[in-house]
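Below: the structure, in structure tokens.
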Amino acid sequence: MPVSARGDSGPQLVTPSLLRDWRLPAPGEDKYSRGSVLVVGGARNTPGAALLAGTAALRAGAGKLTLAVAESVAVQVGVALPECGAIGLPETSDGSVTAEGVDRISANLDSADAILVGPGLDDPDLARELLEALLAREEAAGSSGDAAGDRQAGGKHDDGGPGSGASGREGGPAVVLDAFALAALAELEDRVGPWRGRLILTPNPTEAGILLGRDPEDLETDVAEIARRFGAVVSCQGLIARAPGVGPEESGLWKITTGYGGLGTSGSGDVLAGAIAGVRARGTTGAQAACWGTHLHAAAADRLASRMGPLGFLARELADELPALMLELGT
């Protein structure tokens with residue numbers, strides 16, 4: 001982990017210089033060596049959120065992408081993004097994704113290096129049921145005595161260290177939560193054990209308040225508290241915190257030094273979550289993925305604002321800027 005400028009007691013600043021010294025893993029020989037991302041979301045009324053997240057994951061360098069969305073839109077999603085695999089999930093009469101389809105994506109859950117849950121989910125109660133089903137699946141695997149369960153029972157967490165697969169996923173894939181999945185997590189704090197150490201959360205300030213159970217007061221302190229409570233890495237409003245013991249980095253708090261107000265646009269958060277998931281799948285730690293993904297997202301907004309003005313650029317245009325930004329940072 002490189003050293004960068006920081007205040008006496010403040011967060012470490014995420015600058016281009018820091019990122020050049022904190023290089024992303026080499027791309028490897030094929031798409032499998034760059035990692036696989038599974039996005040779970042995309043209700044009938046909001047399939048675009050899953051598309052935005054998936055596109056950002058690929059633009060951030062992930063090698064393989066699967067989108068698990070409401071079955072009524074799965075074909076359309078697959079056509080709109082031909083680079084992805086598209087799986088249809090059971091849905092309600094209103095088109096909201098239900099938890100009944102977890103078995104349909106069992107193989108994808110086992111093979112993914114990063115799982116992103118939340119973009120395009122549109123029912124908070126059903127989102128909670130989906131998280132419960134995903135956690136129950138991991139709890140069942142742990143109780144059967146598989147290797148991941150043994151490590152979790154011993155209190156050891158994988159956060160992207162050396163190992164098999166792009167993300168070094170001996171303890172299971174990284175789990176990135178966004179949007180309604182974050183509100184659901186707040187109700188499941190006592191069950192989050194199987195995911196501790198490999199969670200990445202991307203709340204906005206309102207969602208941070210839900211996770212805290214109160215209105216945010218001092219965001220630096222509050223983001224660090226969320227990280228500790230959930231054993232996670234957290235990216236919120238340009239601040240990144242990691243829980244103690246999660247990852248090898250010396251710092252526990254970082255701050256992005258770029259970013260334009262034009263990020264306050266529909267779909268921007270989906271792009272952020274997808275970029276972080278894509279970087280994480282490549283084999284980084286959770287903190288590195290959050291710092292890189294958040295910086296790239298903010299720098300993409302700066303670049304678009306300089307060309308198009310502060311308002312009017314679209315979230316999908318943010319993802320298109322990511323490859324060039326990574327190239328400029330030497331990775």
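Quick caveat: nothing in here was measured; it's all calculated off a predicted structure.
To the nearest 0.5 angstrom, Leu121 atom CG is 8.5 Å from Phe180 atom CZ. Atom-to-atom distance recorded for Thr284:OG1 and Arg23:CZ is 14.5 Å, nearest 0.5 angstrom. Here CZ of Arg34 is found 12.5 Å from NZ of Lys64. Values are rounded to the nearest 0.5 Å. If you take CG on Asp302 and CG on Leu318, they are separated by 10.5 Å, rounding to the nearest 0.5 Å. Note that CZ of Arg242 and CD of Gln288 are 13.0 Å apart. Values are rounded to the nearest 0.5 Å. Considering CG of Leu185 and CZ of Arg191, their distance stands at 11.5 Å, rounded to 0.5 Å.
The environment of Asp218 atom CG is dense: over 12 non-hydrogen atoms of other residues, nucleotides or ligands sit within 6.0 angstrom.
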**Prompt:** Could you walk me through whether Glu83 and Leu65 pass the side chain to side chain contact (heavy atoms under 4.5 Å, CB included) check?
**Reply:** CA-CA 7 Å; Glu83 298 84 356; Leu65 172 69; over 6 Å; no
**Asked** What do the steps show when you test Glu328 against Arg303 for salt bridge (Lys or Arg N to Asp or Glu O under 4.0 Å), and what is the final call?
**Response** CA-CA 13 Å; Glu328 291 171 12; Arg303 184 154 297 184; 2.8 Å; yes
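At a threshold of 4.5 Å between non-hydrogen side-chain atoms, the residues Leu177 and Leu131 count as touching. Annotation: side chain of Trp292 is in contact with side chain of Leu24 (closest heavy-atom distance under 4.5 Å). Contact check for Ser268 versus His297: side-chain heavy atoms found under the 4.5 Å cut-off. Looking at heavy atoms from C-beta onward, Val14 lies out of side-chain contact with Thr294 at the 4.5 angstrom threshold. The shortest distance between side-chain heavy atoms of Val40 and Val102 does not fall below 4.5 Å. Looking at Ser235 and Ile200, their side chains never come closer than 4.5 Å, going by heavy atoms from C-beta outward. Using a 4.5 Å cut-off on side-chain heavy atoms (C-beta onward), His295 and Leu18 make no contact.
Every residue meeting the salt bridge (charged side-chain N to carboxylate O under 4.0 Å, His left out) condition with Arg214, not counting sequence neighbours, appears here in chain and number order: Asp222, Glu225. By the side chain to side chain contact (heavy atoms under 4.5 Å, CB included) test, Thr257 is found to be paired with Leu13, Thr15, residues two or more places apart in sequence or in another chain being considered. In this structure, the salt bridge (charged side-chain N to carboxylate O under 4.0 Å, His left out) partners of Arg137, at least two apart in sequence or on a different chain, are Asp110. Every side chain to side chain contact (heavy atoms under 4.5 Å, CB included) that Pro90 has, sequence neighbours left out, goes to Thr98, Glu100, Arg104. Arg316 is linked by a salt bridge (charged side-chain N to carboxylate O under 4.0 Å, His left out) to nothing, counting only residues two or more places apart in sequence or in another chain.
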Contacts table for residues 44-57: side-chain donor-acceptor under 3.5 angstrom, sequence neighbours left out:
unit_1	atom_1	unit_2	atom_2	d
Arg44	NE	Ser72	OG	3.4
Arg44	NE	Glu91	OE2	3.2
Arg44	NH1	Ser93	O	3.3
Arg44	NH2	Glu91	OE2	2.9
Arg44	NH2	Ser93	O	3.4
Thr46	OG1	Gly120	O	2.6
Thr55	OG1	Leu51	O	2.8

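Between the Arg229 side chain and the Leu211 main chain, a donor and an acceptor come within less than 3.5 Å of each other. Judged purely by atom type and a 3.5 angstrom limit, Asp94 has no side-chain atom pairing as donor or acceptor with the backbone of Ser96. Side-chain atoms of Glu207 come within 3.5 Å of backbone N or O of Asn204 as a donor-acceptor pair. Looking only at distances, no side-chain donor or acceptor of Arg128 sits under 3.5 Å from a matching main-chain atom of Ala186.
By the rule that hydrophobic residues join a cluster once side-chain heavy atoms approach within less than 4.5 Å of another member, Leu81 and Leu272 end up as members of one cluster. Under the 4.5 Å side-chain contact rule for hydrophobic residues, Leu135 and Phe230 share a cluster. The cluster map of Ile, Leu, Val, Met, Phe, Trp and Tyr, joined by side-chain heavy atoms under 4.5 Å apart, puts Ile210 and Leu219 in different clusters. Taken together through direct or relayed side-chain contacts under 4.5 Å among Ile, Leu, Val, Met, Phe, Trp and Tyr, Leu116 and Leu126 form parts of separate hydrophobic clusters. No continuous path of ILVMFWY side-chain contacts below 4.5 Å connects Leu67 to Val75, so the two sit in separate hydrophobic clusters.
Minimum heavy-atom separation, Val97 to Gly42: CG2-O, 4.0 Å. Summarising the geometry of Pro216 relative to Leu212, their closest heavy-atom pair is CA-CD1, 4.3 Å, with the distance given to 0.1 Å. Taking all atoms of both residues into account, the shortest heavy-atom contact from Ala281 to Val37 is CB-CG2, 3.6 Å. Of all heavy-atom pairs spanning Val223 and Ala241, the tightest one is CG1-CB, 3.6 Å. Across all non-hydrogen atoms, the minimal contact from Leu325 to Ala300 is CD1-N, 3.5 Å. Contact between Leu239 and Pro11 at its shortest, heavy atoms only, is CD2-CG, 4.5 Å.
Salt bridge Arg307/Glu317: absent, no basic N to carboxylate O contact under 4.0 Å.
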